[in-house]
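One structure is given below, encoded as structure tokens.
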Amino acid sequence: MSVRVRYAPSPTGSPHVGNLRTAIYDWLLARKEGGQFLARLEDTDRTPERYRPEGIYEIEESLRFLGILPDEWWVSEGAVGPYVQSERLELYQKYAEQLMQTGHAYRCFCTRERLDAMRLEQQEKKQPTGYDRRCRSLTPEEVQANIDSGLTSVVRLAMPREGVTILKDVIRGNISYENRLQDDQVLVKTDGYPTYFLACAVDDHHMGITHILRGDDWLSSAPKLVQVFTALGWEPPLFAHPPLILGADKKKLSKRHGSTTFVDFINQGYLPEALFNFLVLLGWSAGDENKEILSIPEIIERFTLEGISEHPAIFDYDKLKWMNGHYIRASQPGRIIGMCIPYLIKAHLIADPPTPEELDYLRKVLPLEIDRMKLLSEAPELVSIFFKELRFPDGYDEKAIAKWLSADHVVRMLKKEITAFSALSDWTEANLEFETRQITEELGLEFAKVIHPTRVAATGKTVGPGLFETLEVLGRDRTLSRMQSVLDVLSTQTESGGHYLVN
RNA sequence: GGGGAUAUCGUCUAGAGGUUAGGACGAGGGAUUUUCAGUCCUUAAGCCGGGGUUCGAUUCCCCGUAUCCCUACCA
């Protein structure tokens, strides 16, 4: 039988990176084994705070972004649909009936109040919490009487009172659980919707799922799911519980650790291949091969469920950033430019849509800054000196001015540079450097004493790409007018006998 | 309170009954260069504790400890 795996998100909000990592593992297993990858929407929780259909679009976007589109899902449908649980209610109803008829489930009329009070008391007495199974011994007559008197009810699983349930987990081996310690799980809620346990078992069986991959947080409740399969007379699929992803404090990764939703990462300008590679490595490794940067085909080739680690992993934002920088540098510049454009438009550095001139300029500017870029969202900051109007001292870094423009030789130097640069017939990196070196010699200075003030005068900053390539791309007009604006102010101050002072 | 899982550098991890315990991020140092970044080289940094099994365990077993997760009419 060919492998069939499924990604089963709930639309409770923005999808979490951990969920997408599981989806990647699903997809990888399917591709590796030549099987199918499906996605199913688990929308059986209809509480307003937790039912957030807006999240569905983000789920779809995230899968598209990663390039792991399901072979069958609610978007494209397939042979065993519908792929949305709220559209499969009759099916769950049918099996709930079957379970009750076969004695594997029963109606429970206990009120929320009673349940809450019971739990509270159990906690106070330091007893294990759980349902006391009062309704399990109701006679058919009593049940009917309750129904007739209009009491609402849920359906509970009649957990076996003895024996053990064995979970077959590909990552962790076999785990056994004592049945008497398992709760009589609610399978159908008062609103008629199934809980996870019923819906999941029914759907996974009907959809021919062979492997259930899901987070470690499901591990302790796994015997209940297994029992639902068993009670329905079905062989449960194989399980695989990848470890949880934690924050720096070793708690489940959540908002206060930083970004956690997948779209957060997309918006910050992470590349799909960086996110894919990083997420895969967070809990999986190719083995003794000392290689971490892996293409998707390379990962598929090496992927096995057994290679997934058993211990939780702390999400290392720094490493992700490093990896993203790596993939940015490994990309065709044209691709990066295209991906940066939305950020530049948003920062009002270029028009929306960009003009052909702007695009042309961008094609020269961006390659200069690519080595410095770790996130696409850093593009506006990095290229701003090429776009912004600069008129000394507006837009100039104060520390840079203090450090490099207050020296005595700066005015003489700028005058010479402006004269020499203006006379250039070809505004090229090589010519600019040649002239600058000439001037350095004439002034009898170290190269550094010339180059740094020149950079500050032309860009307002102390850091950036090589000076002469910067000037070449910046162009004659921008460069000269900026340098002139510095000279204008500085020479006035020099004439009046003082240095230029910052505040 | 009950249950489950896990334990190798700060972090992600590789590893084998005998290894100089390997790699990556991060940190330190150096080289390159006009700065930053990048690139290259380099240094420091680790087997949770206690028992067993064994000629020999960080590796296998048990116990302890710690951490995480579950303990809902949420998934």
Side-chain angles (χ1 to χ4, degrees), chain A residues 8-12 19 42-45 47 49-51 108 110-112 115-116 119 122-131 152-156 167 169 172 175-178 181-183 185-191 193-197 199-200 214-223 241 243-244 246 248 250-252 278 281-293 309-323 325-326 329 369-374 382 400 404 433 436 440 446-452 454-456 461-468:
Chain A
S10 296
T12 51
N19 289 117
E42 309 221 318
D43 58 345
T44 57
D45 186 349
T47 343
E49 318 84 68
R50 283 190 299 263
Y51 178 60
C108 170
C110 292
T111 61
R112 185 98 53 165
L115 261 19
D116 289 344
R119 180 165 39 245
Q122 288 164 338
Q123 281 165 349
E124 270 168 25
K125 289 186 178 166
K126 304 267 185 213
Q127 289 170 347
T129 53
Y131 180 55
T152 56
S153 63
V154 300
V155 177
R156 282 185 187 271
L167 176 77
D169 189 288
R172 295 156 196 279
I175 303 171
S176 79
Y177 303 78
E178 287 199 61
L181 300 173
Q182 307 303 322
D183 212 0
Q185 178 64 41
V186 171
L187 298 179
V188 180
K189 299 175 266 189
T190 43
D191 65 2
Y193 279 84
T195 59
Y196 174 83
F197 297 87
C200 179
R214 49 181 202 170
D216 172 74
D217 43 348
W218 287 101
L219 198 56
S220 8
S221 65
H241 291 92
L244 252 24
L246 310 178
K250 296 181 190 277
K251 297 262 192 289
K252 224 172 163 179
F278 177 78
L281 248 30
L282 203 61
W284 174 85
S285 98
D288 55 9
E289 191 180 13
N290 283 331
K291 196 172 167 185
E292 295 202 327
I293 298 289
S309 62
E310 302 166 57
H311 50 268
I314 293 174
F315 196 98
D316 187 348
Y317 290 90
D318 279 343
K319 188 160 185 177
L320 207 212
K321 260 191 170 182
W322 163 79
M323 196 174 273
H326 168 88
R329 274 170 259 127
E369 296 286 3
I370 265 177
D371 275 355
R372 260 157 294 266
M373 198 184 296
K374 287 205 163 65
L382 286 170
W404 293 111
E433 175 159 7
T436 307
T440 307
E446 300 157 43
F447 199 38
K449 288 246 164 80
V450 169
I451 214 143
H452 297 308
T454 304
R455 174 191 299 282
V456 175
K461 302 208 304 192
T462 55
V463 300
L467 177 60
F468 304 108

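Per chain, numbering begins at 1; letters A, B, ... match sequence-line order.
For A:Ile314 and B:U8, the CD1 to P distance is 10 Å, given to the nearest whole Å. Per the geometry, CG belonging to A:Leu181 stands 11 Å off P belonging to B:G2, to the nearest Å. B:A21 atom C1' lies 14 Å from atom CG of A:Asp288, rounded to whole Å. Rounded to whole Å, atom P of B:U13 lies 16 Å from atom CD1 of A:Ile293.
When distances run from any side-chain atom of A:Asp316 to the nucleotides B:U6, B:A24, B:U11, the shortest one goes to B:U11. Here the side chain of A:Pro312 is nearest to one of B:U6, B:C12, B:A5, namely B:U6. Of the candidates B:C12, B:A5, B:G23, the closest approach to any side-chain atom of A:Arg172 belongs to B:A5.
For the C1' atoms, the distance linking B:U54 with B:C62 amounts to 16 Å, nearest Å. Rounded to whole Å, the separation between the C1' atoms of B:U53 and B:U58 comes to 16 Å. To the nearest whole angstrom, the two C1' atoms, one in B:U11 and one in B:A27, are 12 Å apart. Atom name P, nucleotides B:G22 and B:A14: the rounded distance is 15 Å, in whole Å. For the C1' atom pair drawn from B:C36 and B:A44, the interatomic distance equals 26 Å after rounding to whole Å. A distance of about 22 Å separates the P atoms of B:A72 and B:U67, rounded to the whole Å. With both ends at atom P, the span from B:A21 to B:G46 equals 12 Å, rounded to whole Å. The separation of B:U8 from B:U59, taken at their C1' atoms, amounts to 10 Å, rounded to a whole angstrom.
Under a 4.0 Å N-O distance rule, the pair A:Lys374/A:Asp318 does not qualify as a salt bridge. A salt bridge does not link A:Asp183 to A:Arg156: none of the charged nitrogens lies less than 4.0 Å from a carboxylate oxygen. Using a cut-off of 4.0 Å between Lys/Arg side-chain N and Asp/Glu carboxylate O, A:Glu292 and A:Lys319 are scored as salt-bridged.
Using a 4.0 Å heavy-atom criterion, one finds that A:Lys126 contacts the sugar-phosphate atoms exclusively. Nucleic acid contact for A:Ser309: sugar-phosphate only, since backbone atoms but no base atoms lie under 4.0 Å from a heavy atom of the residue. When heavy atoms are screened at a 4.0 angstrom cut-off, A:Leu320 is found touching no nucleic acid atom at all. Among the atoms of the strands shown, only primed sugar atoms or phosphate atoms (P, OP1, OP2) are found under 4.0 Å from some heavy atom of A:Glu310.
With a cut-off of 3.5 Å on both Watson-Crick or G-U wobble distances, the partner of B:U20 is given as none. Pair assignment for B:C25 gives B:G10, based on Watson-Crick or G-U wobble hydrogen-bonding distances that are each under 3.5 Å. In this structure, B:A44 makes no Watson-Crick or G-U wobble pair, since no nucleotide meets both defining distances under 3.5 angstrom. Summarising the base pairing, B:A31 is matched to B:U39 through a Watson-Crick or G-U wobble pair whose two defining distances lie under 3.5 Å. The partner of B:A5, taking Watson-Crick or G-U wobble pairs whose two distances both stay under 3.5 Å, is B:U67.
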- Message: One character per nucleotide, please: for nucleotides 33-46 of chain B, 5' to 3', B when the base has a protein heavy atom closer than 4.0 Å, S when only the sugar-phosphate does, - otherwise.
- Response: -BBBBSS-------
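Donor-acceptor pairing under 3.5 Å is recorded for the side chains of A:Arg214 and A:His241.
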- Item | side chain to side chain contact (heavy atoms under 4.5 Å, CB included) assessment of A:Asp45 paired with A:Tyr196 | CA-CA 9 Å; A:Asp45 186 349; A:Tyr196 174 83; over 6 Å; no
Which pairs, protein N/O on one side and nucleotides 69-75 of chain B N/O on the other, fall under 3.5 Å?
from, atom 1, to, atom 2, distance (Å)
B:C69, OP1, A:Lys252, N, 3.4
B:C70, OP1, A:Lys252, NZ, 3.1
B:C70, O4', A:Ser220, OG, 3.3
B:U71, O2', A:Thr129, OG1, 3.1
B:C73, O2', A:Arg112, NH1, 3.4
B:C73, O2, A:Thr190, N, 2.7
B:C73, O2, A:Thr190, OG1, 2.7
B:C73, N3, A:Thr190, OG1, 3.3
B:C74, OP2, A:Lys189, NZ, 3.2
B:C74, O2', A:Asp45, OD2, 2.5
B:A75, OP1, A:Thr44, OG1, 3.1
B:A75, OP1, A:Lys189, NZ, 2.7
B:A75, OP2, A:Tyr196, N, 3.4
B:A75, O3', A:Ser10, OG, 2.7
B:A75, O3', A:Glu42, OE1, 3.1
B:A75, O2', A:Ser10, OG, 2.7

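A:Lys449 NZ: 12 or fewer foreign heavy atoms inside a 6.0 Å radius. No more than 12 heavy atoms of other residues, nucleotides or ligands shown are found within 6.0 angstrom of NZ on A:Lys321.
To the nearest 0.5 Å, the span separating SG on A:Cys200 from CD on A:Glu42 amounts to 5.5 Å. The CZ atom of A:Arg329 sits 10.0 Å away from the CD1 atom of A:Ile370 when rounded to the nearest 0.5 Å. To the nearest 0.5 Å, the span separating CG on A:Leu181 from OG on A:Ser220 amounts to 12.5 Å.
Between A:Tyr51 and A:Tyr193, the ring center distance fails the sub-6.0 Å criterion.
Remark: A:His311 is in phosphate contact with B:U13, judged by side-chain N or O atoms under 4.0 Å from OP1 or OP2.
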